[in-house]
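Inspection log for the structure reproduced underneath, given as structure tokens.
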2 protein chains.
Amino acid sequence: MLRLMQTSHEAVIVKKRGRGRPPKSADERNESMRRGELVKVAAQLFRQRGFHGTSTRDIAAAAGMQSGSIFYFFESKEAILHAVMQDGMTQAAVSQDAALQALGARANGVERLSALVRNHLQIMVGGESDFIPVMLYEWRLLSDAQRMEVSAQKDAYEAQWMPALQALHRTGKLKARPEIARLLIFGALNWTAQWFTEGRGLTLDELTEQALALFIGER
Amino acid sequence: MLRLMQTSHEAVIVKKRGRGRPPKSADERNESMRRGELVKVAAQLFRQRGFHGTSTRDIAAAAGMQSGSIFYFFESKEAILHAVMQDGMTQAAVSQDAALQALGARANGVERLSALVRNHLQIMVGGESDFIPVMLYEWRLLSDAQRMEVSAQKDAYEAQWMPALQALHRTGKLKARPEIARLLIFGALNWTAQWFTEGRGLTLDELTEQALALFIGER
DNA sequence: CCTACCGATCGGTAGG
DNA sequence: CCTACCGATCGGTAGG
């Protein structure tokens with residue numbers, strides 16, 4: 001796990017595939033690609049069957065590997081779950097940043113909340129990503145240290161909702177306290193993963209519209 | 001599983017512990033009590049550690065039995081989960097009926113929704129029952145037949161919300177369509193199991209108040 | 001209900 | 001990355 005590198009003046013301990021060093025060689029590029037594929041198929045399986053309902057053999061087979069090979073890329077099954085959640089939160093943050101950027105600085109509270117709700121629903125039920133649903137429903141399986149890491153990403157993601165909610169509260173369109181509203185709203189949106197199927201009676205835009213109507217009485 | 005009883009004129013097949021026959025003898029009373037205890041401790045463990053995170057040995061130990069003895073009462077681990085959900089829905093329905101009865105017939109939409117929200121939150125986070133949280137988060141682990149049975153109970157429970165939501169929609173206090181509002185509202189309330197801890201900053205009544213404020217702009 | 005046990009599966013590892 | 005394998009755990013059962 002640790003590699004000892006001898007330089008002219010000192011001994012330096014470098015973590016394999018550590019954060020600070022971008023992949024360089026062709027080998028390393030391939031390795032990180034395969035790793036990413038594993039995370040992706042694991043996310044799909046975890047979403048469909050749950051973490052405990054998916055064996056490491058299932059993941060390996062779905063990625064076209066032998067069962068033991070997974071542990072060349074991850075030190076444990078739990079580490080795969082952690083990676084799924086980290087990648088998912090990173091994706092979600094990127095997507096949310098883009099949605100807010102597209103709005104411009106002069107957007108009002110209704111427009112901002114509308115964009116945030118729409119983006120979050122897209123992630124939850126849009127079928128493009130399995131990461132967030134897994135994160136939400138397998139949360140407790142992480143170790144304390146892992147949970148703290150992902151929590152930090154989640155907190156940053158959710159914090160971006162507060163300006164919009166506070167603005168809406170000030171103008172009287174949101175009657176609940178912004179902090180509590182945030183928690184209840186995320187509940188309502190996250191739960192859609194349980195019942196919403198795209199194209200069955202309700203489109204994503206209509207769902208967004210109904211959610212806005214429920215929370216602030218307009219869209 | 002089946003017991004053959006010989007009467008004077010015919011052979012009758014009677015299901016052991018079938019629905020139609022209430023327990024009679026002292027043995028049967030004890031047996032159904034022990035069964036109920038098992039369901040209760042299983043609900044606690046399932047809520048804390050999840051279905052897959054709980055072994056049948058854990059359940060047996062918590063009930064003061066040997067590991068094999070559980071299968072005298074239940075034919076499988078899955079059957080215990082099913083029983084947890086059935087008992088939970090039955091409890092929830094009783095509690096909800098009582099809450100609605102207490103209101104009287106002249107209650108308006110706001111009062112009705114308020115009572116329903118308060119009762120549901122009480123079940124979710126009140127600490128008295130572990131059944132509903134288990135039901136909501138381990139839903140997909142049931143077999144199709146089991147899920148259909150519990151679904152019927154759940155549908156009846158949720159149907160009782162519709163008159164209140166429709167009345168509020170008519171008077172313009174609820175802006176979203178009642179059917180979609182119901183789904184989003186249950187999401188918001190069910191999700192509280194993830195973040196709400198009684199007595200930490202927010203009481204159950206305050207939470208009810210905030211939820212009502214969010215959904216219909218008043219309490 | 002208990003005792004004693006089985007077969008299957010699972011996460012993970014050594015060595016290449 | 002693969003092969004070959006291990007120890008632990010698990011749901012469930014036979015027989016009393």
Side-chain angles (χ1 to χ4, degrees), chain A residues 1-3 16-17 23 25-43 45-46 48-84 134 138 141-143 146, chain B residues 1-3 16-17 23 25-43 45-46 48-84 134 138 141-143 146:
Chain A
M1 201 58 35
L2 292 176
R3 208 188 276 160
K16 215 180 158 192
R17 291 190 294 283
S25 73
D27 270 16
E28 281 176 320
R29 248 196 310 280
N30 282 335
E31 198 175 307
S32 96
M33 273 186 56
R34 290 299 274 150
R35 194 186 143 99
E37 285 168 33
L38 274 173
V39 174
K40 196 174 168 183
V41 303
L45 292 170
F46 289 162
Q48 285 164 29
R49 316 182 199 168
F51 179 77
H52 279 118
T54 306
S55 71
T56 55
R57 283 161 175 80
D58 293 335
I59 300 170
M65 285 179 189
Q66 295 305 311
S67 65
S69 305
I70 273 197
F71 298 97
Y72 172 74
F73 296 96
F74 294 93
E75 61 178 7
S76 69
K77 187 186 176 189
E78 205 183 40
I80 304 180
L81 182 62
H82 188 205
V84 165
V134 170
E138 309 286 10
L141 301 181
L142 293 182
S143 71
Q146 290 172 330
Chain B
M1 203 57 39
L2 294 175
R3 206 188 276 160
K16 216 179 155 194
R17 290 191 296 281
S25 73
D27 271 16
E28 282 176 318
R29 249 196 310 279
N30 281 335
E31 198 174 306
S32 95
M33 272 185 57
R34 289 301 273 152
R35 194 185 142 100
E37 284 169 33
L38 275 173
V39 173
K40 195 175 169 184
V41 302
L45 291 170
F46 288 162
Q48 285 165 28
R49 314 183 200 168
F51 178 76
H52 279 118
T54 306
S55 69
T56 55
R57 283 162 175 79
D58 292 337
I59 300 170
M65 285 180 190
Q66 295 304 313
S67 65
S69 305
I70 274 197
F71 297 96
Y72 172 75
F73 296 95
F74 295 93
E75 63 177 7
S76 69
K77 189 187 176 190
E78 206 183 42
I80 303 179
L81 182 62
H82 188 205
V84 165
V134 171
E138 308 286 10
L141 301 181
L142 293 182
S143 70
Q146 289 171 332

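Chain A is the first sequence line, chain B the second, and so forth, proteins listed ahead of strands; every chain is numbered from 1. Small disclaimer: the values here were computed from a predicted structure and weren't measured.
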I would like to know whether Gln66(A) and Ser69(A) meet side chain to side chain donor-acceptor pair (under 3.5 Å); could you show each step before the answer? CA-CA 6 Å; Gln66(A) 295 305 311; Ser69(A) 305; over 6 Å; no

Counting only Watson-Crick pairs (N1-N3 plus N6-O4 or O6-N4) and G-U wobbles (N1-O2, O6-N3), all under 3.5 Å, who is the partner of dG7(D)? dC10(C)

Closest nucleotide among dC2(C), dG11(D), dC2(D) to the Met65(B) side chain: dC2(C)

From the set dG12(C), dC1(D), dG11(D), return the single nucleotide nearest to any side-chain atom of Phe73(A). dC1(D)

Can you check whether Ile80(B) reaches Phe73(B) side chain to side chain, under 4.5 Å on heavy atoms? no

Give a yes/no on whether any side-chain N or O of Ser55(A) is located under 4.0 angstrom from OP1 or OP2 of dT9(C). no

Just by distance, do the side chain of Glu138(B) and the backbone of Phe51(B) share a donor-acceptor pair under 3.5 Å? yes

For Ser69(B) and dC2(C), is the shortest distance between a side-chain N/O and OP1 or OP2 below 4.0 Å? yes

Do Glu37(A) and Lys40(A) sit within salt-bridge range, that is, some charged N less than 4.0 Å from a carboxylate O? no

May I ask you to evaluate whether Arg57(B) reaches the phosphate of dT9(D), defined as a side-chain N or O under 4.0 Å from OP1 or OP2? no

Within less than 4.0 Å of OP1 or OP2 of dG11(D), is there a side-chain N or O belonging to Thr56(B)? yes

Separation of Lys77(B) atom NZ from dT13(D) atom C1', in whole Å? 17 Å

Which nucleotide in the list dG11(C), dC2(D), dC1(D) gets nearest to the side chain of Arg34(A)? dC1(D)

